[in-house]
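In what follows, a single structure is set out as structure tokens and then discussed.
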Amino acid sequence: MNLPPLPPMGGETTGRNVVDVITEEHRELLELCDRLLAAPADKRLADVLIAELSRHLSAEEQYLYPAVRRTVPGGEELTERELAEDRELLITLQQLQKNLSAERVREVAAAVRRHVDADAEELLPVLVQMVPIEDLIRVGNRFETAEEAAPTRPHPGTPSTPPWNKVVDPAVAVVDKLRDAVTRRTTYAKDL
């Protein structure tokens, strides 16, 4: 992939690669969905799921999908399908944000499970086969950084591909985080 080189580290490249980061986050998102399915009226838990998932999808759009598009045979079609499904998931999250109901919670949980399964079965295994570990580590670092600068609310109308999403998402995130601070909205699972 076309990324700047890693700084000299002396020895093997180590660290969390993008596949490890995403796999761990998928596990956490599924746990949040299970908790919300058990308590569908828990607004605070719903807010955390919405924020965590919004950040996750933003980072995937900025770094995972471009990596798949560039390195995987048929990556263009895979990423276009994933982007379309992510947009639908963001719309469903918006609906959950407006109307917290058991039915909406089930819809979101099912969509998250589809998202996790698609990544685990199609995208991540082929990425591991096609991309050197050093590049996967660099993408993992960028992925985690992008999440911290990502929106905490769903914005299905914003650009979903680089370079525009790398400009728009952090700008939108500033407004989201300001709203979160003013309303004291919980946005991280560790704060539940």
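Between Thr79 and Tyr65, the closest heavy-atom pair is CG2-O, 3.2 Å. Here the shortest heavy-atom pairing between Ala38 and Pro40 reads C-CD, 3.6 Å. Nearest heavy-atom pair, Leu123 versus Val126, reported as atom, atom and distance to 0.1 Å: O-CG1, 3.2 Å. The shortest heavy-atom contact between Asn165 and Pro170 is O-CD, 3.8 Å. Closest approach of Glu61 and Pro162 over heavy atoms only: O-CD, 3.9 Å.
Atoms CG and OG1, on Leu90 and Thr158 in that order, are 7.5 Å from each other to the nearest 0.5 Å. In this structure, the separation between CZ on Arg44 and OG1 on Thr186 is 3.5 Å, given to the nearest 0.5 Å. A distance of 9.5 Å separates CD in Glu31 from CG in Leu29, rounded to the nearest 0.5 Å. Atom CZ in Arg55 sits 14.0 Å away from atom CD in Glu60 (nearest 0.5 Å). Atom CG of Leu127 sits about 10.5 Å away from atom CG of Leu78, to the nearest 0.5 Å. Put simply, CG on Asp135 and CE on Met130 are 12.5 Å apart, with the number rounded to the nearest 0.5 Å.
Note on Leu57 and Leu32: same hydrophobic cluster, where clusters join Ile, Leu, Val, Met, Phe, Trp and Tyr whose side-chain heavy atoms are under 4.5 Å apart, directly or indirectly. A continuous path of hydrophobic side-chain contacts links Val128 to Val131 [ILVMFWY only; heavy atoms under 4.5 Å]. Under a hydrophobic clustering in which Ile, Leu, Val, Met, Phe, Trp and Tyr are joined whenever their side-chain heavy atoms come within less than 4.5 Å, directly or via other members, Val68 and Leu83 fall into the same cluster. The same ILVMFWY cluster, assembled from side-chain heavy atoms under 4.5 Å apart, contains both Val72 and Ile133. Both Leu30 and Leu93 are members of a single hydrophobic cluster when ILVMFWY side chains are connected at heavy-atom separations under 4.5 Å.
Within the 4.5 Å cutoff, no side-chain heavy atoms of Val139 are placed close to those of Asn17. Counting only heavy atoms from C-beta outward, the side chains of His56 and Val112 never approach each other to under 4.5 Å. Side-chain atoms of Leu64 and Leu124, non-hydrogen and from C-beta on, do get closer than 4.5 Å to each other. Asp176 has its side chain out of reach of Thr187: every pair of non-hydrogen atoms, C-beta onward, lies at least 4.5 Å apart. Contact of the Tyr63 side chain with the Glu144 side chain is not registered, since no non-hydrogen atoms from C-beta on lie closer than 4.5 Å.
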side-chain contact (heavy atoms from CB on, under 4.5 Å) between Glu52 and Glu25, intermediate numbers included: CA-CA 9 Å; Glu52 295 274 8; Glu25 287 184 8; over 6 Å; no
Derivation of the side-chain contact (heavy atoms from CB on, under 4.5 Å) call for Leu192 and Arg35: CA-CA 11 Å; Leu192 283 172; Arg35 288 176 64 184; 3.7 Å; yes
Stepwise side-chain contact (heavy atoms from CB on, under 4.5 Å) check, Arg138 with Glu134: CA-CA 6 Å; Arg138 283 196 292 268; Glu134 292 83 9; 4.3 Å; yes
side-chain contact (heavy atoms from CB on, under 4.5 Å) between Glu122 and Arg81, intermediate numbers included: CA-CA 12 Å; Glu122 294 180 82; Arg81 187 185 72 230; 2.7 Å; yes
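Applying the 6.0 Å contact sphere to CD of Glu80 captures more than 12 heavy atoms from other residues, nucleotides or ligands.
Paired with Val168 under the rule side-chain contact (heavy atoms from CB on, under 4.5 Å), one option of Pro151, Ser160, Ser58, Pro159 passes, and it is Pro159. When each of Leu37, Ile50, Leu49 is tested with Val108 by the rule side-chain contact (heavy atoms from CB on, under 4.5 Å), just one qualifies, namely Leu49.
Using modelled atom types and a 3.5 Å distance limit, the side chains of Asp180 and Thr152 yield a donor-acceptor pair.
For Arg185 (side chain) and Asp47 (main-chain N/O), a donor-acceptor pair under 3.5 Å exists by modelled atom type.
Of the charged side-chain nitrogens involved, at least one lies within less than 4.0 Å of a carboxylate oxygen, so that Asp34 and Arg113 count as a salt-bridged pair. Ionic pairing of Arg114 and Glu88 is not present here: no N-O contact between side-chain nitrogen and carboxylate oxygen is shorter than 4.0 angstrom. A salt bridge links Arg104 with Glu107: at least one charged nitrogen is closer than 4.0 Å to a carboxylate oxygen.
Stacking of Arg16 on the aromatic ring of Phe143 is not recorded, the 6.0 Å distance cut-off and the 45° axial limit not both being met.
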